[in-house]
Structure formats: structure tokens, C-alpha cells
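Notes follow once the structure below has been shown.
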Amino acid sequence: MKRSICIMAITMCCVASLFAQGSMNAYNYSRTDIKGTARYMGMGGAFGALGGDISTLSQNPAGIGVYRSNEIVTTLGIAGISAETKTSVNVNNNLTKFVFDNVGIIGTFNTGKDLGIVSYNFGFAYNRRNSYDQTYRVQYSNLRSSVTNYIADKSFGIRENDLAGADVQSGDAYDINGLPWLSILGYESLLMSPQENPEGGYYDDSYEGLFGAKATGSGSLYVRERGRTNEYTFNFGGNVSNVVYFGIGLGIMDLDYEMISSHDENLFNTSGFVPKKEKIEEPDKYEIYNYPITASNFSLWNRLKTEGTGFNVKLGLIARVTDYWRLGLAFHTPTYYSMSDYYMASVDNAYTYVNTNVNETLSERDVTDSPEGRYDYSLVTPWKFMASTAFIIGKKGIVSFDYEYTAYDKMSLSETDGLEMNDVNDDISSYFKAGHTFRVGGEYRITPQLSARLGYANQLSPMKVSTGDALNIAGMAPHYTLDRGTQYYTCGLGYRFGIFYADMAYIHKNAKSDVLAFSPIPSTGLTSEVATLHAKNNSFILTLGFKF
């Protein structure tokens, strides 16, 4: 009776875990990078109390009220992206790409008054809020466990007949609602086998992976991410007596993300077996024999593509307290996304087994594919609050400071029919806390035309989860990363000539994460060796503007 209750509870957990990875995906899709014009980036993005820059339409919309003339502006550049992973083996990957971060137009309508409403401003801008482009590889020279054991452990309580599709008329296990597709794929590709019952035969709801007590092996994880989050923002603002500037913005978000990964393992002295149908002496009679697998060289390949559209509203104020001191406040509502995930996986398994009937060692290779799945859902990203201050030093310099509070623990996901994903949202509350970002920047006018800039920003990680915590990872890609913080070091130059201007900036972005090939296995606590991912992005950008 106790065993039945345990099986029922674990089966329910397996079904619930279908969507549990949404907590990590929600964070991935909610993060925003520090991106903008060369002037904005040269000062580390610390522009919340300054305004007068197209990037502030996505930061503090009151920045539009500071404009005194019409403007057209665009930013482009080149980025060198490197990723170093460290385990017992260090691996480097490099990528170079063209970047196009923004384009926009501002229209200013002056009232001719010195008091009251001095001007109304309208603006439209395209700003890139995040870029997902990254490639990294992790090498594991001496495995402590295997992703096959992770799959087997997560499949406990699921009947073998269901995994085999025997209870479905079509014979396809993927047609059974609620079964984890990774468990079905692991069963079909021989990455796991029913566990032997000491009293004879095999359990029909308990499984073992290939990495038994005597197993050894090595492995690797390759991940290629690409995509972006773009914002198209429509802003309105104004200038009140050259003292208070206000703005409101509507942001339309467009998200496109793709991840391709390959988890490879080369195992020896493995556990598990391959079932073979052998003809016996009687005509048209067959017997199923379970032949032990002794070695396996397999690759688990995954593809995930996510598309989403959403909207948000931003409110902002800037106050000129004195001629030398400004304050800024901004509030961003959550972005309300409609999302679609498209996913599939494949296993290429080259294995060796022993035909115990004739004591013969044989080798085979099977490629097993899942169908392509689709899942539609809604995502609500965190709300944000920003406070800023800036000091104008005569006619020569500016020093600016920004603080940003992001309520990551308030993210939420729901079904398309509005039903909340309570398990996922509980995970969000458990795994995340509020995020804090600090930005500081300075500008010095060398000549009336030439300015130099410096900036620094620090995005602190909002994650409370550690590498030892056993997470419910859903979908078919078991790997994940844990953010450990991001820093930016920036500098730049700007030159004004008449109604035209050109700004240049260099940005060094330094992000650290922990990479796990799979979550710690609940029954053993074992996982892959934790890798440190050190991602660096060195960008050179150019902004060209025209004021009229």
C-alpha cells in the first residue's frame, strides 16, 4: 500500500514537472541587457536623470521631455563574444557579429511659453533590449553520474506500458497526455531500462540509467543560443517650466529565441539491457531476451525555439532641482507576453551488448527522434522601479548615478486559458529574489565639440538557488545555467559638428554563470561536475545623429 502511494505521488510530480523549467525560462526571457546609443553606453547607461537620448525612451520616458529640437538617430557596431567554461578541462568559444541596437525619431513642438507647458514631444524608437547570442562547450573528463540516470530517476512511477505506447491505439507513447517526453525518448533509445526486481523479473515502473556502480566515462555539453528581444516604443512627454519633465511610453515587445544543444557521453562498464526478439525452435514463435549493454557512446540533441509578443507601459519624471542637480524616477509595468515554445529532441546511441545465448559481443547504432511539440502559454515579467540622480559640473562635466529594482520574484506563468501554473510560480518564489542594478557614468567636455565618457554598471544576480538544489527541469533539454552576476565597463567619445553628431563607445561586458548538464538526481544527490561559464562581450558601437 505504501509503495502504491509513493508511486502515485511521484507520478504526479513527473506530470507537474513538465512545466517546471518555466521558472528558469521565465528569468531568461525577462532579463534586459544594458543597450543603447554610444553616448548612453559610454556612460554605463546611467541616464535616468538626464534624458535627451533616444535610449531613455526604454529607460525613463521622461527623458523625451528634455528634447528641445527634432532628432533622428541610429546605432550600429560589431561585437566579439567569447565564452570560457572551466571544469577539470577549460574550453573557449568565440563568436563575432554585427549589432544594430537602435533607431528612432523625436518630434518637438514648442509652445513659445517660458512657464507652464514649454514643449510637447513625441517619439518612436526601436531599441534592442537583449541579445541571446552565445556558444559554449563544457568538457567532463571523469563523469560522476550520467544524464541517463537523471532521466531514469525522473521516470520513476511511470508504467513501462505507457512509455512503450502499449496503452495507446496508435502505439505512440507521445500521444499520452502528461507523460514527460524525455522519459519516452530515454526509454525508446535505451538510455534507461526497467530495473531488475531482486525477487525475479523487472519492475514495470522503476528504471535504471547506464551509469551503474562500475561505470566510467567522459562527456561534453555543447550549447548554441541565438535570438533577441526588441522593443518598439511610442512615447509622449513634455517640459513644464524647464523644471519638471514628464513622459509616458507604450512598449511593444518582440522576442525570438533559439537554443540547440548536444549532450554527449562515452560510457564503459554500463548497466541496462537491450531487449531482442529471437526466434525459437517452434515455427513462428519468438522469445524476448534482455541482453546486457556493456558500453554506450550516445548524443542527446535538443532544439527549443521560443516566440513571443507582449506590451508594457512606462512612466517617468525628471526634476531639475537646481541648475546643477537633477533627479529622475521611473516605473515600468510588467511585460505581458503571449508565448509559444517549439521543441524536439533526438538520441544517437552507439552501444555494445552481449548476446548471452551464444556469448557474443555485438555493436549497434540507433537514432531515435521525438516528434515536434508546441506549447502556448502566457508570461508576466517583473515590474521595475528606477531612481536616478545627476550632477552638472559647470559647462564641462556630468556625473550620473542610477539604481534599478526588478521584482524577479513576481514573475508568473499561466496557461493560455488563464489557469495559473501554481507549481512553476511557487518555484519562482523559491528560486528568485529581487534584482538590483547599479549604474554610474561621467562625461567631460574637452572642447565645445569633443566629449569623453566613462561608465560602469553592475547587475546583481537575483537567484537564491544553489548548484546543490535538485530542480524540476522540464522539457527535453536537461541542462541549465545559474546567473552569478554581470558587470559592464564602458568608455566613449563624442563629437558635435553643427546639426550632426557622432558618438563612439567601447563596452566590455563580463557575465558569470554556473552550468549544470542536469539537475542533481533526487535519489542520490549526484550531478555532473559544475562548470563555471565566463562570458565576455567586447563591443564597439557608433551612433550617428541629426538634430533639426
Check: T75 side chain, D101 main-chain N or O, donor-acceptor pair, under 3.5 Å: no
Verdict with supporting geometry, Y489 and Y456, ring-ring contact (aromatic ring centres under 6.0 Å, His included): CA-CA 5 Å; Y489 303 87; Y456 170 77; 5.3 Å; yes
E265 side-chain N/O to V147 backbone N/O, donor-acceptor pair under 3.5 Å: yes
Criterion side chain to side chain donor-acceptor pair (under 3.5 Å) on N510 and H534, from CA distance to verdict: CA-CA 7 Å; N510 190 339; H534 195 177; 2.6 Å; yes
Main-chain N/O of A531 paired with T87 side-chain donor or acceptor, under 3.5 Å: no
Parallel, tilted or perpendicular: rings of Y353 and Y351 (30°, 60°): tilted
Close side-chain approach of F211 and L267, heavy atoms under 4.5 Å: yes
Residue pair E188 / T368, side-chain donor-acceptor N/O under 3.5 Å: no
Side-chain (N537) to main-chain (K509) donor-acceptor, under 3.5 angstrom: no
Nearest-0.5 Å distance, NE2 of residue H479 to OG of residue S262: 10.5 Å
Taking every non-hydrogen atom, the tightest pair across S519 and Y150: O-CD1, 3.6 Å
SB check R303 E258 (cutoff 4.0 Å): yes
Side-chain heavy atoms of Y126 within contact of E231, under 4.5 Å: no
Any side-chain heavy-atom pair of T135 and R224 under 4.5 Å: yes
Considering all heavy atoms, the nearest G209-A152 contact: N-CB, 3.6 Å
Exam field: side chain T148 to backbone L210, donor-acceptor pair closer than 3.5 Å: yes
4.5 Å side-chain heavy-atom contact, I34 and T486: no
S340 side chain near D376 side chain, heavy-atom distance below 4.5 Å: yes
Spacing of N149 atom CG and D153 atom CG [to the nearest 0.5 Å]: 8.5 Å
Test side-chain contact (heavy atoms from CB on, under 4.5 Å) applied to V91 and Y136, step by step: CA-CA 8 Å; V91 183; Y136 61 90; over 6 Å; no
S23 and D427: side chain donor to acceptor below 3.5 Å: no
Distance-minimising heavy-atom pair for S145 and I521: OG-CD1, 3.4 Å
Taking every non-hydrogen atom, the tightest pair across A345 and L185: CB-CD2, 3.7 Å
Polar contact flag, side-chain donor to acceptor under 3.5 angstrom, Y377-D341: yes
Aromatic plane relationship, H263 with F518 - under 30° parallel, 30 to 60° tilted, over 60° perpendicular: tilted
Distance in Å, H332 NE2 paired with E404 CD, rounded so as to fall on 0.5 Å steps: 7.0 Å
L300 side, atom CG; L191 side, atom CG - distance, nearest 0.5 Å: 7.0 Å
Main-chain N/O of L413 paired to N425 side chain as donor or acceptor, under 3.5 Å: yes
Parallel, tilted or perpendicular: rings of Y202 and F273 (30°, 60°): tilted
Verdict with supporting geometry, F311 and I252, side-chain contact (heavy atoms from CB on, under 4.5 Å): CA-CA 5 Å; F311 70 93; I252 306 299; 4.1 Å; yes
Pairing of R31 and D33 as salt bridge, 4.0 angstrom limit: no
Aromatic contact, Y27 with Y480 (centres under 6.0 Å): no
Test item: T335 side-chain N/O and G310 main-chain N/O as donor-acceptor pair under 3.5 Å: no
Heavy-atom side-chain proximity of S539 to V99 below 4.5 angstrom: no
Residue that, paired with T306, satisfies side-chain hydrogen bond (donor to acceptor under 3.5 Å, both in side chains) out of Y342, Y337, Y29, Y257: Y29
NZ/K305: more than 12 non-hydrogen atoms of other groups inside 6.0 Å: yes
Side-chain donor or acceptor of Q459 paired with backbone N/O of T32 under 3.5 Å: yes
No-hydrogen, no-angle side-chain donor-acceptor test under 3.5 Å, T333 and N312: no
Carboxylate-amine/guanidinium proximity below 4.0 Å for R226 and D256: no
Heavy-atom closest pair, residues P382 and A407: CB-O, 3.1 Å
Q134 versus E225, side-chain donor and acceptor atoms under 3.5 Å: yes
Test side-chain contact (heavy atoms from CB on, under 4.5 Å) applied to V465 and F432, step by step: CA-CA 7 Å; V465 63; F432 294 94; over 6 Å; no
Identified ring-ring contact (aromatic ring centres under 6.0 Å, His included) partner of Y343 from the options W301, W181, Y375: W181
Backbone N/O of L482 and side chain of D514: donor-acceptor pair under 3.5 Å: no
Heavy-atom neighbours of K276 NZ exceed 12 at 6.0 Å: yes
Check against side-chain contact (heavy atoms from CB on, under 4.5 Å), S430 and K464: CA-CA 7 Å; S430 300; K464 294 189 289 186; 6.0 Å; no
Parallel, tilted or perpendicular: ring planes of Y187 versus Y207, cut at 30 and 60 degrees: perpendicular
Atom pair CG/CD1 of N93 and I81 - distance to nearest 0.5 Å: 11.5 Å
Spatial distance of atom CD1 (I184) from atom CD1 (I151) [nearest 0.5 Å]: 12.0 Å
Closest contact, heavy atoms only, A164 versus A173: C-CB, 4.2 Å
Verdict with supporting geometry, D264 and S299, side chain to side chain donor-acceptor pair (under 3.5 Å): CA-CA 4 Å; D264 303 307; S299 175; 2.6 Å; yes
Contact check, side chains of N92 and S82, non-hydrogen atoms, under 4.5 Å: no
Any donor-acceptor pair under 3.5 Å from N349 side chain to S189 backbone: yes
Heavy-atom side-chain proximity of P478 to K154 below 4.5 angstrom: no
